[in-house]
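All ligand and atom numbering here is 1-based and tracks the order in the structure. Hydrogens, waters and symmetry mates are skipped; everything else that's a heavy atom, side chains included, is used. Values in this document were obtained by computation on a predicted structure and should not be read as measured data.
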Amino acid sequence: MRVQVAIIGAGPSGLLLGQLLNRAGIETIVIENKSQDYVLGRIRAGVLEQGTVELLEQAGVGARVHAEGLVHHGIELCFGGARHRIDLNGLSGGKNVTVYGQTEVTRDLMNARQEAGATLIFCAEQVSVHGFDTAKPSVRYVKDGVQNEIHCDFIAGCDGFHGVCRQSVPTSAITTHERVYPFGWLGVLSDTPPVSDELIYARHERGFALCSMRSRSRSRYYIQCAVDEKLDTWSDQAFWDELRRRLDEKAADMLVTGPSIEKSIAPLRSFVAEPMRFGTLFLAGDAAHIVPPTGAKGLNLAASDVHYLSSAFIEFYESRKPGALDTYSNKSLRRVWMAERFSWWMTSLMHKFPDAGSFTENMQLAELEYLLGSEAASTALAENYVGLPF
Ligand code: FAD
Ligand code: DHB
């Protein structure tokens, strides 16, 4: 089989790239090693930047995010027992974020791909990439015991942090930068009304907490936990009790609890691989970089990579000129490092660092006070949170 672009991974970046290319008449295949149910059951991001929503519109999948997504004009920061609102809309010149689950983005894109009749392979085993130092790369995989080989012009590595694409690049050709944080996030999804209309990011002596949501009747909450915490030691009751302790009194009183419908622990990491192009292999999304989730940037960064990469492929097939493909890596990385900075900053500001002393804690509090008192500082938070332009 032959296609123009072979896409590895059916997460948000692979599916969105496939959809944008498909609409431009470029032939693609998407190859995913997990099942469709597994991909759709993975609870992850919930906050979309305005630019991400616009890209979904451009991909022809904007209807449901507009109908069902919750537009948020602000967030709340909670510390010292009180909540303080950051007016994202007012401080960013009228921009907003939309609360809409990654699972729903993925579902919309999978449906669009199916309607378009474009190929999407699930449960592909032994996926491997070959010849990307040449103009004739290929992808091999096993499906139902049968070995397949796809010949293509380009491979898009959209296979996440643990994927095969980045790992297939010779170590001498790639530079990585990493920071692993000494804590994780324990997340709970529950069919209970959210504690507040807007997201609450809480800094507390016991650790960070985040109150988010998926709809008016479904909540998503996170608490900072030890990195080696065992999930089965956290009963629902223990989770709710700990969350309540980290919120202000009013939020703690208002919190509606119920059985968890999903519970998981995520490690926190900052990671960047440079460059993002190796011959005819291009990396996008978590395959190339990871941000700690505090700034809600991971999925949005995957979307901006896909914007640059899809435009570059489209320009190449329209003009046969490689200019945009050649600048893809540098252009994407410039925005990646900005999002890395913001995510690292917000993580450092809001979490309890196990070995930090009173100086670091006072720095956090001083920075929070400054944020609230200075329009310049809160504007900087707002413009990064709603998303830098791309
Ligand atoms: P992935 O979603 O990881 O998709 C990669 C796909 O490739 C997967 O389906 C995987 O199964 C597949 N794959 C892997 N290896 C292979 C292989 N060998 N062959 C074929 N397929 C393969 N981001 C935000 O923007 N906002 C948020 O609010 C937010 N919150 C988050 C909360 C949590 C708890 C976590 C863990 C993450 C959060 N993120 C958030 C980050 C966001 O979920 C990721 O950045 C996003 O999923 C990246 O998309 P992707 O398509 O690049 O990678
Ligand atoms: C969610 C996750 C985040 O990392 C964040 O900053 C905000 C919201 C969420 O899953 O809803």
Interfacing atoms of ligand 1 (cut-off 4.0 Å, heavy-atom, Lys34)
11 (O)

So which heavy atom on Met350 is nearest to which on Ala202, and how close?
CE-C, 3.7 Å

Counting only nitrogen or oxygen atoms and a 3.5 angstrom limit, does Gln102 reach ligand 1?
yes

Heavy atom of Gly187 under 4.0 Å from ligand 1?
no

Give a yes/no on ligand 1: does Arg42 have at least one heavy atom closer than 4.0 angstrom to it?
yes

So does Glu205 pair up with Arg203, basic N to acidic O under 4.0 Å?
yes

Could you give me the CA-CA distance, side-chain angles and deciding distance for Leu56 and Asp108, then say whether side chain to side chain contact (heavy atoms under 4.5 Å, CB included) is met?
CA-CA 9 Å; Leu56 293 173; Asp108 293 344; over 6 Å; no

Is ligand 1 under 4.0 Å from a heavy atom in the side chain of Ala124, in the backbone, in both, or in neither?
neither

Shortest protein contact, atom 38 (C) of ligand 1 (heavy atom only)
Ala45 N, 4.0 Å

Decide whether Trp345 and Glu367 meet the rule of one side-chain donor and one side-chain acceptor closer than 3.5 Å.
yes

Ring-plane angle category for Trp185 and Tyr222, please: parallel below 30°, perpendicular beyond 60°, tilted otherwise.
tilted

Heavy atom under 4.0 Å from ligand 1: found in Lys297's side chain, backbone, both, or neither?
backbone

Hey, are Arg335 and Glu49 close enough for a salt bridge, meaning a charged N less than 4.0 Å from a carboxylate O?
yes

For atom 44 (C) of ligand 1, the closest protein heavy atom turns out to be Asp286 OD2, 3.3 Å

Apply side chain to side chain contact (heavy atoms under 4.5 Å, CB included) to Ala63 and list each qualifying residue two or more places apart in sequence or on a separate chain.
none

Do NZ/NE/NH1/NH2 and the carboxylate oxygens of Asp253 and Lys250 come within less than 4.0 Å?
no

Taking atom 52 (O) of ligand 1 as the reference point, the nearest protein heavy atom with its distance:
Ser13 OG, 2.7 Å

Counting from 1, what ligand 1 atoms have a heavy atom of Cys158 closer than 4.0 Å?
5 (C), 6 (C), 7 (O)

Within the structure, is a non-hydrogen atom of Tyr38 found at a distance of less than 4.0 Å from ligand 1?
no

Per-atom filter on ligand 1: closer than 4.0 angstrom to a heavy atom of Gly11 are 4 (O), 6 (C), 9 (O), 51 (O)

Proximity of Asn33 to ligand 1 by residue part, where a heavy atom lies under 4.0 Å
both

Write out the protein residues near ligand 2, meaning a non-hydrogen atom under 4.0 Å from one of its atoms, in order of chain and number.
Arg44, Gly46, Val47, Trp185, Leu199, Tyr201, Leu210, Ser212, Arg214, Arg220, Tyr222, Pro293, Thr294, Ala296

Between CD1 of Ile121 and CG of Asp144, what distance do you get to the nearest 0.5 Å?
9.5 Å

Test the Arg166-Phe161 pair against the cation-pi criterion, namely NZ or CZ under 6.0 angstrom from the six-membered ring centroid and within 45° of the ring axis.
yes

Suppose I only count heavy atoms of Asn300 and a 4.0 Å limit; which atoms of ligand 1 are within that range?
25 (O)

Heavy-atom proximity to atom 36 (C) of ligand 1, picking from Pro293, Ala339, Ala266, points to Ala266

To which protein heavy atom is atom 14 (C) of ligand 1 closest, and what is the distance rounded to 0.1 Å?
Asp159 O, 3.1 Å

Under a 4.0 Å threshold between the charged nitrogen and the carboxylate oxygen, would Glu383 count as salt-bridged to Lys95?
no

Check each of Arg206, Glu361, Gln364, Arg246 against Lys352 using the side-chain contact (heavy atoms from CB on, under 4.5 Å) test, and report the only one that passes.
Glu361

Any heavy atom of Pro12 closer to ligand 1 than 4.0 angstrom?
yes

For Gln224 and His204, test the side chains for any donor-to-acceptor distance below 3.5 angstrom and give the result as yes or no.
no

Hey, what's the ring geometry for Phe353 with Phe183, parallel, tilted or perpendicular (30° and 60° as the breaks)?
perpendicular

Find all atoms of ligand 1 within a distance of less than 4.0 Å from any non-hydrogen atom belonging to Gly160, and give their numbers and elements.
3 (O), 5 (C), 53 (O)

Nearest heavy atom to atom 24 (C) of ligand 1 wins, so pick from Leu299, Ile8, Val164.
Leu299

Go through the structure and list residues passing side chain to side chain donor-acceptor pair (under 3.5 Å) with Tyr308, not counting sequence neighbours.
none

Does Ile31 approach ligand 1 within less than 4.0 angstrom via side chain, backbone, both or neither, non-hydrogen atoms only?
backbone

Within ligand 1, which atoms have a heavy atom of Val47 less than 4.0 Å away?
26 (N), 28 (O)

Matching residue for Val30 among Leu120, Leu17, Thr119 - test: side-chain contact (heavy atoms from CB on, under 4.5 Å)
Leu120

Quick test of your reading: applying side chain to side chain donor-acceptor pair (under 3.5 Å), list the pairs with at least one residue in residues 6-32, sequence neighbours left out, ordered by first then second residue.
Thr28-Arg113

Output yes when the distance from some N or O of ligand 1 to some N or O of Gly285 is under 3.5 Å, and no in every other case.
no

Check: Gly46 N/O within less than 3.5 Å of ligand 1 N/O:
yes

Give the contacting part of Tyr222 toward ligand 1: side chain, backbone, both or neither, where contact means a heavy-atom distance below 4.0 Å.
side chain

Would you call Lys331 and Asp326 a salt bridge, taking side-chain N to carboxylate O under 4.0 Å as the test?
no

With ring centroids as reference points, do Phe239 and Tyr221 lie under 6.0 angstrom apart?
no

Atoms in ligand 1 with a heavy atom of Gly163 nearer than 4.0 Å
15 (N)

Which protein heavy atom lies closest to atom 37 (C) of ligand 1, and at what distance to 0.1 Å?
Arg44 CB, 4.2 Å

Which bit of Glu32 is near ligand 1, meaning a heavy atom under 4.0 Å away: side chain, backbone, both or neither?
both

